[in-house]
Amino acid sequence: MNYWLIKSEPHTYSFEQMKSDKKTLWDGVRNYQARNFMKEMKKGDIALFYHSGKDRQVVGEVEIVKEHYQDPTTEDSNWVVVDVKYKKTFENPVNLAEIKDRKTLSEMHLVRNSRLSVSAVKKKEYDMIVKMAES
DNA sequence: GCCAACGTTGGC
DNA sequence: GCCAACGTTGGC
């Protein structure tokens, strides 16, 4: 099983919205690196849900429930979506400053390339973030 | 609100 | 194929 991080501007699509929708298709990704990560996602994988903009924190988790398929919002076959399902809201969201403070997390795409909207997360990074969210 | 980082476009 | 110009994202 692999771990991922997906990013959303809360004014565009918030985690609260994700929770009330229960399930959604992750559309609108128009970046090849992000797209390639989406193509690697497998059913049952977990993704951290990050709020960019004013929030700047990891607020919870979603699960990949359907692997990539053509993005229905465009005719261009370059772009794909996956289906994600609401999984869990963190008791203590993990903010970007805390992430940057941790040496273990300093190699994360989130830290290295803040503009990448979908990225891979290593198991040790995922475990640490979950631990921070629970403490 | 500013600006750095990154991606894309288009002229040569 | 290079690179300048421009647009967008997102942290601060």
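Side chains included, hydrogens not; waters and symmetry mates left out as well; all remaining heavy atoms used. These numbers were taken from a predicted model, which means no experiment stands behind them. Residue numbers begin at 1 in each chain, while the letters A, B, ... track the order of the sequences.
Rounded to whole Å, atom C1' of dC12(C) lies 15 Å from atom CG of Leu110(A). If you take NZ of Lys54(A) and P of dG11(C), they are 14 Å apart, rounded to a whole angstrom. Atom CZ of Arg30(A) is separated from atom C1' of dG7(C) by 17 Å (rounded to the nearest Å). Counting to the nearest Å, the P atom of dG7(B) and the CG atom of Asn36(A) are 12 Å from each other. Spacing between atom OH of Tyr32(A) and atom P of dT8(B) amounts to 7 Å, rounded to whole angstrom units. Arg56(A) places its CZ atom 13 Å from the C1' atom of dT9(C), with the value rounded to the nearest Å. The nearest whole Å value for the distance from the NE2 atom in His109(A) to the C1' atom in dG10(C) is 17 Å.
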>> Base contacts versus sugar-phosphate-only contacts with protein, heavy atoms under 4.0 Å: please encode nucleotides 1-6 of chain B as B, S and - from 5' to 3'.
In response: ----BB
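Annotation: side-chain hydrogen bond (donor to acceptor under 3.5 Å, both in side chains) contacts of Asp83(A) (sequence neighbours excluded): Tyr69(A).
Using a cutoff of 4.0 Å between basic side-chain nitrogens and carboxylate oxygens, Asp127(A) and Lys131(A) are not scored as salt-bridged.
For residues 102-115 of chain A, the salt bridge (charged side-chain N to carboxylate O under 4.0 Å, His left out) pairs, not counting sequence neighbours, are Glu107(A)-Arg112(A). Within the structure, salt bridge (charged side-chain N to carboxylate O under 4.0 Å, His left out) pairs that include any residue of residues 39-57 of chain A do not occur (at least two apart or interchain).
Here Trp26(A) and Phe49(A) bring their ring centres to under 6.0 angstrom of each other.
The hydrophobic cluster around Trp79(A) extends to Tyr32(A), counting ILVMFWY residues whose side-chain heavy atoms fall within less than 4.5 Å of a member.
When all heavy atoms are compared, the tightest approach of Met132(A) to Ile99(A) is CE-N, 4.4 Å.
A donor-acceptor pair shorter than 3.5 Å can be found between the side chains of Tyr13(A) and Asp21(A).
Taking a 4.0 Å limit (strictly below) on heavy-atom distances, residues 96-107 of chain A reaches DNA chain C at Leu96(A), Lys100(A).
The phosphate of dT9(C) (OP1 or OP2) has no side-chain N or O of Tyr50(A) nearer than 4.0 angstrom.
Under a 3.5 Å cut-off, the side chain of His51(A) and the backbone N or O of Ser8(A) do not form any donor-acceptor pair.
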